[in-house]
Amino acid sequence: MRKQKWPVWIIIAIGFLLIVFLFETTEQKSKGPTLVIGGGPTGSTAQNMAEELAMILNRQNLPLQFKARQTAGSLENLIGIDKGNLDFALANAEDSYLRLKAKSSETPSETSRTVLMVRLFGSYVQLVVPKSSPIKVPTDLQGKRVAIGSPGSDSAIIAKRYLQAMDIWPRITPIYVGYELALKELINGSVEAVWIMSGFPSEAIRAANRSNPLRLVSLWDGVPVDPVSRKFYQDYPFYDIAVLRPNVYRGQPDIIFTVGMSTLWFVDKDMDEETVYQALNAVFNDDNLALIHDKYPAAEEMRLINTLTKMPLPMHPGAVRFLRERL
């Protein structure tokens, strides 16, 4: 029986696929084990940033691979490092403080495997009203319908804390909706102010402001030094005194004094010093930072000068070495 011959193009194609397979397999072996970065829900700033960090680190000449993992958010990430499910993680300052510094009964800080690398960027309260609104200061919110964020969100939680501290909370009608819907409600007049906790600038605010002039309202009259504001920051030490620069939003010439909260980058304390040091060197390389700023305007403040946090959290030796050399 005559043996059937395969066409030359099929043989070439099979050979090419084998070469690609062998190359990828060899490359994976040469890159070594995979380290996992905990991000956040799909589409969130934290998840986008975790994916960006993984991409940057995978382009470096490191004997490792990096992968971003979608998670429920900060608390799951911190628990993930402690349980050995994650190697790196992004988490907001509040969850980090309450778990690592406040000695929660669930996981005392002395037994945690989670240590700090650096501060990455912040989210900021942006109290938005129509440009023609009579609301000039926070006390003008009394009697108004204020959209404060989805139930349980960072935005809604900080809104209630701040408005209670200012004795305004009982005198407003809080509306629990996400900020994109809230801005639509503001434009059609269903609410009179929108409280947004997001990166600065917010693309949602920029988009709404193009066709419907908006204005930000300061939460404080200058840098807060009065007893009420001092007590607010004493009660909630994970919040930052924040100043938003003018002219970032069209028609917003004023400096805005507000409240911020940092997003921090954590790592397992047993991660070797050189890996953490090289990871920070890669991410805070000028070219890589420029790429991040281009893709994520709200992370524009992610710069070497802003890597420190006011919270006294334990820090990885590789991060200490990096900061001592670069700052």
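Every value quoted in this text rests on a predicted model; they were computed, and no experiment measured them.
Note that CE of Met117 and CG of Leu313 are 14.0 Å apart. Values are rounded to the nearest 0.5 Å. To the nearest 0.5 Å, the span separating CG on Asn285 from CG on Leu304 amounts to 11.5 Å. Distance check, rounded to the nearest 0.5 Å: CZ of Arg59 to CZ of Phe66 gives 12.5 Å. Rounded to the nearest 0.5 angstrom, Asn48 CG and Thr42 OG1 are separated by 9.5 Å. To the nearest 0.5 Å, atom CD of residue Glu185 and atom CG of residue Asn188 are 4.5 Å apart. Rounding to the nearest 0.5 Å places CG of Asn85 at 10.0 Å from CD1 of Ile79.
In Asp235, the CG atom is crowded: over 12 heavy atoms of neighbouring residues, nucleotides or ligands sit closer than 6.0 Å. Atom CD of Glu203 has more than 12 neighbouring heavy atoms from other residues, nucleotides or ligands inside a 6.0 Å radius. The neighbour count for Lys310 NZ, taken as heavy atoms of other residues, nucleotides or ligands under 6.0 Å away, is above 12. Within 6.0 Å of atom NZ in Lys67, 12 or fewer heavy atoms from other residues, nucleotides or ligands are found, so the atom counts as exposed in its surroundings. Annotation for Lys184: atom NZ does not count as buried by contact number, only 12 or fewer foreign heavy atoms lying within 6.0 Å. Within 6.0 Å of the CZ atom in Arg250, the count of heavy atoms belonging to other residues, nucleotides or ligands exceeds 12. By the neighbour-count criterion of 12 heavy atoms within 6.0 Å, atom CD1 of Ile305 is sparsely surrounded, having that number or fewer from other residues, nucleotides or ligands.
Of all heavy-atom pairs spanning Val228 and Ala165, the tightest one is CG1-O, 3.6 Å. When every heavy atom of Leu327 is checked against every heavy atom of Thr307, the shortest pair comes out as CD1-OG1, 4.0 Å. The two atoms that bring Gly251 and Pro253 nearest to each other are O-CD, 3.3 Å, heavy atoms only. Heavy-atom minimum distance, Pro63 versus Pro33: O-CD, 4.1 Å. For the pair Pro130 and Leu214, the tightest heavy-atom approach, listed with the atom from each and the gap, is CA-CD2, 4.1 Å. Taking all atoms of both residues into account, the shortest heavy-atom contact from Gly260 to Ala242 is N-CB, 3.9 Å.
Put simply, the side chain of Ser112 never gets that close to the backbone of Leu100: no donor and acceptor are under 3.5 Å apart. Of the possible donor and acceptor atoms, one in the side chain of Arg215 sits under 3.5 Å from a partner among the backbone N and O of Ile135. Not a single donor-acceptor pair under 3.5 Å links the side chain of Gln252 to the backbone N or O of Asn247. Judged purely by atom type and a 3.5 angstrom limit, Ser133 has no side-chain atom pairing as donor or acceptor with the backbone of Val129. A donor-acceptor distance shorter than 3.5 angstrom exists from the side chain of Asp140 to the backbone of Val137, with no hydrogens or angles considered. Looking only at distances, no side-chain donor or acceptor of Ser218 sits under 3.5 Å from a matching main-chain atom of Asp221. Judged purely by atom type and a 3.5 angstrom limit, Asn58 has no side-chain atom pairing as donor or acceptor with the backbone of Gln65. Under a 3.5 Å cut-off, the side chain of Tyr249 and the backbone N or O of Ser202 do form a donor-acceptor pair. Here the side chain of His293 pairs a donor or acceptor atom with the backbone of Met302 at under 3.5 angstrom. A donor-acceptor pair is defined here as one N or O able to donate and one able to accept, closer than 3.5 Å; no such pair exists between the side chain of Ser150 and the backbone of Ser153.
Contact annotation: the side chain of Leu280 approaches that of Val276 to within less than 4.5 Å [non-hydrogen atoms, C-beta and beyond]. Put simply, the side chain of Val267 reaches to within 4.5 Å of the side chain of Val115, judged on heavy atoms. Using a 4.5 Å heavy-atom threshold, the side chains of Trp169 and Arg161 count as separate. With contacts defined as side-chain heavy-atom distances shorter than 4.5 Å, the pair Gln126/Ile205 qualifies. At least one side-chain heavy atom of Leu141 sits under 4.5 Å from a side-chain heavy atom of Leu127. For the pair Pro138 and Ile168, the minimum side-chain heavy-atom distance is below 4.5 Å. When side chains are defined from C-beta on, Trp220 counts as touching Phe232, because their heavy atoms get closer than 4.5 Å. The shortest side-chain heavy-atom distance between Asp240 and Tyr124 does not fall under the 4.5 Å cut-off.
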Pair Met271-Phe88, side-chain contact (heavy atoms from CB on, under 4.5 Å): steps then yes or no: CA-CA 9 Å; Met271 185 67 62; Phe88 300 89; 4.1 Å; yes
Could you go through the side-chain contact (heavy atoms from CB on, under 4.5 Å) check for Ile37 and Leu86 one step at a time? CA-CA 6 Å; Ile37 307 171; Leu86 298 173; over 6 Å; no
Check step by step if side-chain contact (heavy atoms from CB on, under 4.5 Å) holds for Thr45 and Phe121. CA-CA 11 Å; Thr45 301; Phe121 53 87; 3.7 Å; yes
Steps toward side-chain hydrogen bond (donor to acceptor under 3.5 Å, both in side chains) verdict (Ser74, Asn77): CA-CA 5 Å; Ser74 297; Asn77 288 346; 5.7 Å; no
Let me see the working for Lys144 and Ile172 under side-chain contact (heavy atoms from CB on, under 4.5 Å), right down to the final yes or no. CA-CA 5 Å; Lys144 305 293 193 296; Ile172 72 160; 5.7 Å; no
Evaluate the criterion salt bridge (Lys or Arg N to Asp or Glu O under 4.0 Å) for residue pair Asp82 and Arg99; output intermediate values, then yes/no. CA-CA 11 Å; Asp82 283 342; Arg99 185 171 176 84; 3.1 Å; yes
Intermediate values then yes/no, salt bridge (Lys or Arg N to Asp or Glu O under 4.0 Å), Arg119 and Glu301: CA-CA 11 Å; Arg119 177 187 184 274; Glu301 64 162 323; 3.3 Å; yes
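Residues Thr71 and Glu76 bring no donor and acceptor atom of their side chains to less than 3.5 Å of each other. Between Tyr277 and Glu325, the side chains place a donor N or O and an acceptor N or O closer than 3.5 Å (distance only, hydrogens not considered).
The hydrophobic clustering, which links ILVMFWY residues whose side-chain heavy atoms are closer than 4.5 Å, places Leu308 and Val320 together. Met166 and Leu216 fall into different hydrophobic clusters, where Ile, Leu, Val, Met, Phe, Trp and Tyr residues are linked whenever their side-chain heavy atoms come under 4.5 Å apart, directly or through other members. In the hydrophobic clustering of this structure, Val225 does not group with Ile255; members are Ile, Leu, Val, Met, Phe, Trp, Tyr whose side-chain heavy atoms approach within less than 4.5 Å, directly or through other members. Hydrophobic cluster membership is shared by Val118 and Leu264, with clusters built from Ile, Leu, Val, Met, Phe, Trp and Tyr side chains linked at under 4.5 angstrom. Residues Ile256 and Tyr179 share a hydrophobic cluster, clusters being chains of Ile/Leu/Val/Met/Phe/Trp/Tyr side chains in contact below 4.5 Å.
Between Asp167 and Arg171, at least one side-chain nitrogen of the basic residue sits less than 4.0 Å from a carboxylate oxygen of the acidic one, meeting the salt-bridge criterion. Ion pairing between a basic and an acidic side chain is recognised when a charged N comes within 4.0 Å of a carboxylate O; Glu300 and Arg245 show such pairing. Taking a cutoff of 4.0 Å between a charged side-chain nitrogen and a carboxylate oxygen, Arg230 and Asp226 do not qualify as a salt bridge. Salt bridge annotation for Arg69-Glu51: absent, with no cationic side-chain nitrogen under 4.0 angstrom from a carboxylate oxygen.
The aromatic rings of Phe322 and Phe284 lie tilted to each other, with the angle between the two planes from 30° to 60°. Ring-plane geometry between Tyr162 and Trp195 is classed as tilted, the angle between the planes lying from 30 to 60 degrees on a 0 to 90 degree scale.
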